[in-house]
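Sequence lines set the chain letters: A, B, ... in the order given, protein chains first and strands last, and positions in each chain run from 1. As the structure is a computational prediction, the values presented were derived from the model and not from experiment.
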Protein chains: 2
Amino acid sequence: MDSTREQLQIFVRRFGLLNASCCDECCGEQVSMAQSHILFEIRRADSPAMQAVAEELGMEITTFSRQIKTLETKKLVSRRVSPDDRRVTLLSLSDEGLRVLTQIDRYMTKRLDHIFGGMSVFERETVVRSLGLLNEAVRRAGEAGSRQEGVVACRK
Amino acid sequence: MDSTREQLQIFVRRFGLLNASCCDECCGEQVSMAQSHILFEIRRADSPAMQAVAEELGMEITTFSRQIKTLETKKLVSRRVSPDDRRVTLLSLSDEGLRVLTQIDRYMTKRLDHIFGGMSVFERETVVRSLGLLNEAVRRAGEAGSRQEGVVACRK
DNA sequence: CAATATTATTTGCATATTGCAACTAATATT
DNA sequence: AATATTAGTTGCAATATGCAAATAATATTG
């Protein structure tokens, strides 16, 4: 499990770099990595409330609020008041926002193709399946209220 | 490959949250996530030069320089001039720095144990092996000069 | 049903992070 | 010796972040 922690740490870091270079080099629009995550998540959920997205991304609602403001200014995201609860703001991608995200997708996919290209078909399948397992496991571990029971006593 | 991009994106994000909550909740010292990555990398390499670490982490050397200054102030990292080239600064963890990092390790490992706990032994092995493959593949794809040949024409 | 509590979101403010350009010091090249 | 390159630092302006407080809408409760 020890080397697993290391493998994960390194992998996640490298993937982050990939992701960042993508947001940088890709599309002309200036989209930060945080913002690309936001776009990604808005697309994934269907007209999600601000709360929901912020939580999923582990972002302070306050920071999130400001990011959305920026994305709205850039005309990549639009908001509307929920008909069910007028406190709630629902988010959706504008056509342009979707276009930008699609471009990022394309870029990432191309990079990933390249990375996976060095593997055998069998390896590739194994890896993809593993990612599924991993995500599922993280989700399961998370929903049991990671904050509370996950807290480890480790202050000196 | 499409769903792979999605799986990866989500996984990396969630792992990032795990990591962040760790830096937060764990050890009393105030260590940001970026800083924990720096500690991690200094330990992994042996007395690496600033350049090397900054590059591995994909951090601007200028930002990195300041982070190191902070970590030095916190007495978690120490620097010394390279005997071979006096322009070069070599980094190493202080005892305290190592202690903090070890604490973060413990915390992460415990969390990971929990996550992997929901899997069968077989699944676990598959996943760990896949991570190895993935890292290897990313490394290979990276060393061929990802910047140049990886660039995809995608400006509108 | 009025008073109170809760929830969603925004804003002010202080701090931390980042990127770029310019600078210093040391080493390499010519 | 003059010039170029490399490692690292610093100033400055732009962002991003966290916390506390404010606003507005909905829920709860006596």
Side-chain angles (χ1 to χ4, degrees), chain A residues 13 16-17 19-25 29-39 41-42 45 47-74 76-92 147, chain B residues 13 16-17 19-25 29-39 41-42 45 47-74 76-92 147:
Chain A
R13 191 208 304 143
L17 291 183
N19 219 335
S21 84
C22 172
C23 296
D24 258 24
E25 297 171 22
E29 342 290 319
Q30 171 85 295
V31 181
S32 76
M33 212 167 94
Q35 288 166 357
S36 88
H37 275 282
I38 295 175
L39 296 183
E41 196 52 33
I42 293 179
S47 292
M50 289 192 51
Q51 282 292 343
V53 181
E55 187 165 333
E56 171 73 28
L57 297 179
M59 233 182 228
E60 273 262 328
I61 184 70
T62 134
T63 302
F64 186 76
S65 166
R66 282 182 263 239
Q67 289 284 16
I68 291 296
K69 195 199 286 179
T70 304
L71 287 171
E72 199 182 23
T73 305
K74 290 182 183 174
L76 301 179
V77 160
S78 64
R79 353 147 83 124
R80 70 195 152 89
V81 174
S82 164
D84 299 331
D85 183 338
R86 282 186 301 166
R87 286 171 299 184
V88 174
T89 302
L90 302 178
L91 301 173
S92 48
R147 312 294 143 194
Chain B
R13 190 207 305 144
L17 290 183
N19 218 334
S21 83
C22 171
C23 296
D24 258 23
E25 296 170 22
E29 342 291 320
Q30 170 86 293
V31 181
S32 74
M33 212 168 93
Q35 289 166 358
S36 87
H37 274 282
I38 294 175
L39 296 182
E41 196 51 33
I42 292 179
S47 292
M50 291 191 50
Q51 283 292 344
V53 181
E55 187 165 334
E56 172 72 28
L57 297 180
M59 232 180 227
E60 273 261 330
I61 184 70
T62 135
T63 302
F64 186 75
S65 167
R66 282 181 264 239
Q67 289 284 14
I68 291 297
K69 195 198 288 180
T70 305
L71 287 171
E72 199 182 23
T73 305
K74 289 181 183 174
L76 301 179
V77 160
S78 64
R79 354 146 84 126
R80 71 194 150 88
V81 175
S82 163
D84 299 330
D85 184 337
R86 284 186 301 167
R87 286 171 299 186
V88 173
T89 302
L90 301 177
L91 301 173
S92 48
R147 312 295 142 195

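Considering every non-hydrogen atom in both A/Ser47 and A/Arg80, the closest pair reads OG-NH2, 3.2 Å. Counting all heavy atoms, side chain and backbone alike, B/Gln35 lies closest to B/Thr70 at NE2-CG2, 3.8 Å. Pairing each heavy atom of A/Arg13 with each of B/Leu57, the nearest pair is NE-CD2, 3.2 Å.
Among the nucleotides C/dT10, D/dA16, C/dT17, the one closest to any side-chain atom of B/Ser32 is C/dT17. Here C/dT10 is the nucleotide among C/dT10, D/dG18, D/dA7 with the atom lying nearest to any side-chain atom of A/Ile61. Relative to the side chain of B/Ala49, the nucleotides C/dT9, D/dG8, D/dC19 differ in distance, and D/dG8 lies closest. Candidate nucleotides C/dT18, D/dG8, D/dT10 were compared by shortest atom distance to the side chain of B/Gln67, and C/dT18 ranks first. Nearest nucleotide to the side chain of A/Thr89, out of D/dG18, C/dT9, D/dT10: C/dT9. Closest approach to the A/Gln51 side chain among C/dA8, D/dT10, C/dT18 is made by C/dA8 (side chain taken as heavy atoms from C-beta onward). The side chain of A/Glu60 has D/dC19 as its nearest neighbour among C/dT11, D/dC19, D/dT10. Of the candidates C/dG12, D/dG8, C/dC20, D/dG8 carries the atom nearest the B/Val88 side chain, counting heavy atoms from C-beta on. In the set D/dG8, D/dC19, C/dA8, the nucleotide with an atom closest to the side chain of A/Arg87 is C/dA8.
Side-chain contact between B/His37 and B/Asn19 is present, with heavy atoms from C-beta onward closer than 4.5 Å.
Residue A/Arg79 places none of its side-chain N or O atoms closer than 4.0 Å to OP1 or OP2 of C/dA8. OP1 or OP2 of C/dG19 has not a single side-chain nitrogen or oxygen of B/Thr62 nearer than 4.0 Å. Proximity of A/Thr63 to the phosphate of D/dA16: no side-chain N or O atom is located under 4.0 Å from OP1 or OP2.
The nearest whole Å value for the distance from the CD atom in A/Gln35 to the P atom in D/dA14 is 17 Å. Summarising the geometry, the separation between CE on B/Met50 and P on C/dT24 is reported as 19 Å, rounded to the nearest angstrom. One can place CG of A/Asp84 at 15 Å from C1' of C/dT7, the figure rounded to the nearest angstrom. One can place CD of B/Glu72 at 13 Å from P of D/dG8, the figure rounded to the nearest angstrom. When rounded to the nearest whole Å, the span between CE of B/Met33 and C1' of D/dT17 equals 14 Å. When rounded to the nearest whole Å, the span between CE of A/Met59 and P of C/dT9 equals 15 Å. Atom CG in A/Leu71 sits roughly 13 Å away from atom P in D/dT15 (whole-Å rounding).
Here the straight-line distance linking atom OG of A/Ser32 with atom CD1 of A/Ile38 works out to 7.0 Å at 0.5 Å rounding. Taken to the nearest 0.5 Å, the CD atom of A/Glu41 stands 11.0 Å off from the CE atom of A/Met59.
Take the nearest nucleotide of DNA chain C for A/Arg66 and for A/Asp85: the residue whose nucleotide is more 5' is A/Asp85. For the pair A/Lys69 and B/Arg86, both in contact range of DNA chain C, the more 5′-proximal nearest nucleotide belongs to A/Lys69.
As the counterpart of C/dT30, D/dA1 is assigned, both hydrogen-bonding distances of the Watson-Crick or G-U wobble pattern falling under 3.5 Å.
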